[in-house]
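Structure, as structure tokens:
Quick note: residue numbers are just sequence positions, from 1. Just follow the structure's listing: the first ligand is 1, and inside any ligand the first atom is 1. Computed over heavy atoms, backbone and side chain alike; hydrogens, waters and symmetry mates excluded.
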Amino acid sequence: MTQENTEGHAADVVKAPGTDVHGTPVVSGMAYAPAMWVVRPDVPPATAPSIAEDKRDAEFARYQAAAKVVAERLTVRGDATIGHASDVLKMSASLATDRGIAKEVKVRISKQGLPAIQSLVGATDKFVTMFEKAGGLMAERVTDLRDVRDRVVAEIQGQPEPGIPVPTEPVVLLADDLAPADTAGLDPELIVGVATELGGPTSHTAIIARQLGIPCIVAMRELRQVKPGDLVLLDGGKGRITINADPAVAEDKVAKDHEWREKVRAWRGPAQTTDGHHAELLVNVQDGTTAAKAAQGQAEGVGLFRTEFCFLDAKTEPSIEEQTSIYSPVFEAFSHGKVVVRTLDAGSDKPIAYANLDDEENPALGVRGLRITGQNPELLQDQLDAIAKASQGHEGKSWVMAPMVSTLREAEWFTQEVRRRGMTGGIMVEVPAVAVMAEEFLKVVDFVSLGTNDLTQYTMAADRLSPHLAEYTDPWQPAVLKLIAQTAAAGKKLGKPVGVCGEAAADPILACVLLGMGVTSLSMAASAVSTVGAQVSAVSFSQCEAAAAVINDARDAKHARNLATEALGIR
Ligand code: PEP
Ligand code: MG
């Protein structure tokens with residue numbers, strides 16, 4: 001937004017004190033501190049004078065040496081970190097020395113005589129275009145590519161490594177978008193809040209902020225209105241930044257938030273509303289390691305075991321024995337708890353070499369999830385056999401569900417396959433077609449679990465990984481809430497369990513609304529369990545029901561969130 005100043009030049013409008021900027025809330029919590037912008041280095045243009053022929057090998061060696069230093073540095077940081085942060089640092093390290101990029105750099109140096117830096121810029125641009133065209137998870141890696149490029153360029157120039165400067169006092173960090181390697185190093189003592197112009201609720205920024213418990217907002221279109229050094233109040237729960245807020249009000253809100261966070265830290269399950277309604281809180285895991293770690297927390301069981309994550313690098317189908325040994329530790333981690341295993345959700349943003357078609361025009365709408373069974377029926381039979389074997393001796397409930405189901409025939413067939421192996425069979429509700437006919441589907445399955453990430457994507461026709469569509473990929477969208485409510489009502493009528501295992505379950509306010517709708521279990525990242533548990537235990541079930549009823553009138557996601565917050569009597 002610009003306006004004419006007295007000299008007739010366009011100038012940025014700086015927001016008046018006390019005014020607000022809005023975005024999509026990701027991690028709730030309050031922060032009151034000066035704003036610090038992440039400044040991106042200038043990238044030199046991809047054209048420049050030639051390097052003499054006899055100097056080209058040395059120029060390429062200069063690039064290789066710098067890339068190696070950057071990769072090593074990222075690997076060391078990755079080894080010193082755990083969880084998602086460690087994974088993203090190691091992934092960035094492998095990008096620095098990626099053979100495909102190196103090949104492109106070499107061509108530019110040796111054939112065109114371009115200097116190393118310009119060659120890397122040109123090579124990166126080529127991959128950025130390719131990744132953006134591919135969409136989905138590939139497009140998400142564009143930020144990683146650019147970040148790694150900037151690090152290698154700085155190394156070649158002999159400059160300090162770019163990234164987030166370490167502040168000397170607590171700040172609210174602002175950026176267009178954050179690269180995984182940036183977010184992985186955040187210190188929650190100094191970075192007390194994070195806000196980005198781009199990014200979605202499932203971006204790396206969001207995942208790591210959640211893991212570190214840093215209040216976070218994404219998709220703040222007007223974030224540039226906040227200037228470096230502005231004292232800001234960031235409300236992660238409401239998705240709002242107030243510029244130059246009243247200090248007394250801001251400090252009071254931060255103090256109350258700290259009290260709340262103490263409560264969350266001290267919370268011990270099981271979750272129960274103040275009037276005695278039990279909420280079954282479960283975790284989402286991807287292998288035995290994440291399950292064992294989650295078992296140390298307050299969750300009662302596993303609500304979603306994403307089995308495809310075990311095979312992302314596999315070139316051929318693992319044998320039944322191999323699969324059994326991969327699944328068993330998850331059952332062992334929750335030996336008395338419920339374990340819900342999801343069969344391979346291969347395809348779209350999680351392609352698996354041995355399961356998916358090579359080229360699909362539109363993979364999110366293609367042969368993914370249960371649909372891969374059509375071309376390779378053995379794959380599912382083998383996986384179900386392996387799950388059945390792994391669950392033998394498990395004293396808790398062993399449930400198995402299929403992803404990306406869209407017809408009654410699929411639901412009925414899959415459930416029978418699971419039942420005949422002695423387990424409980426269900427489906428995920430990720431496709432609006434299933435929610436619309438929830439009652440019919442529930443009649444033929446033992447349970448359903450709402451995958452709100454995909455359900456939102458397909459209901460709103462918005463790529464869940466796009467950094468530009470956070471407003472649409474918000475599970476608070478009234479149309480999505482209506483589909484969830486309808487499914488929960490059908491479950492209640494038929495007396496069958498209806499869980500939620502998408503990101504919606506990890507939002508403490510939305511979790512209360514879901515319970516009020518009649519959802520019977522909530523499954524989330526392990527890091528979200530205490531926050532959701534403490535919130536559910538602080539309200540009554542009748543408040544949850546009132547919140548679920550009142551959002552029927554919501555006009556948009558923000559309106560729904562506000563109506564629910566009010567009905568729940570939350571800060
Ligand atoms: C979902 O779609 O909400 C879900 C839980 O599945 P995934 O995120 O693995 O697609
Ligand atoms: Mg899904």
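Residues Arg464 and Asp474 are not paired through a salt bridge, judged by the lack of any N-O separation under 4.0 Å between the basic side chain and the carboxylate.
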side-chain hydrogen bond (donor to acceptor under 3.5 Å, both in side chains) assessment of Arg261 paired with Thr531: CA-CA 8 Å; Arg261 288 204 219 184; Thr531 315; over 6 Å; no

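Remark: the Ser523 side chain and the Asn284 side chain contain an N/O donor-acceptor pair separated by less than 3.5 Å. Side-chain contact annotation: Gln383 with Tyr327, donor-acceptor N/O pair under 3.5 Å present. A donor atom on one side chain and an acceptor atom on the other are found under 3.5 Å apart for Trp476 and Asp507. For the residue pair Ser335 / Glu332, no side-chain donor-acceptor distance below 3.5 Å is found, with atom types taken as modelled.
Between atom CG of residue Leu515 and atom OG1 of residue Thr520 there is a gap of 9.0 Å, rounded to the nearest 0.5 Å. If you take CD on Glu545 and NE2 on His277, they are separated by 8.0 Å, rounding to the nearest 0.5 Å.
When heavy-atom distances to ligand 1 are checked against 4.0 Å, the residues falling inside are Leu304, Arg306, Arg342, Asp345, Lys350, Met428, Glu430, Gly451, Thr452, Asn453, Asp454, Arg464, Cys501, Gly502, ordered by chain and number.
Gly303 and Val340 make their closest contact through O-CB, 3.4 Å (heavy atoms, listed as atom of the first residue, atom of the second, distance).
Less than 2.8 Å away from the Mg ion (ligand 2), the protein contributes these N/O/S atoms: Glu430 OE2, Asp454 OD2.
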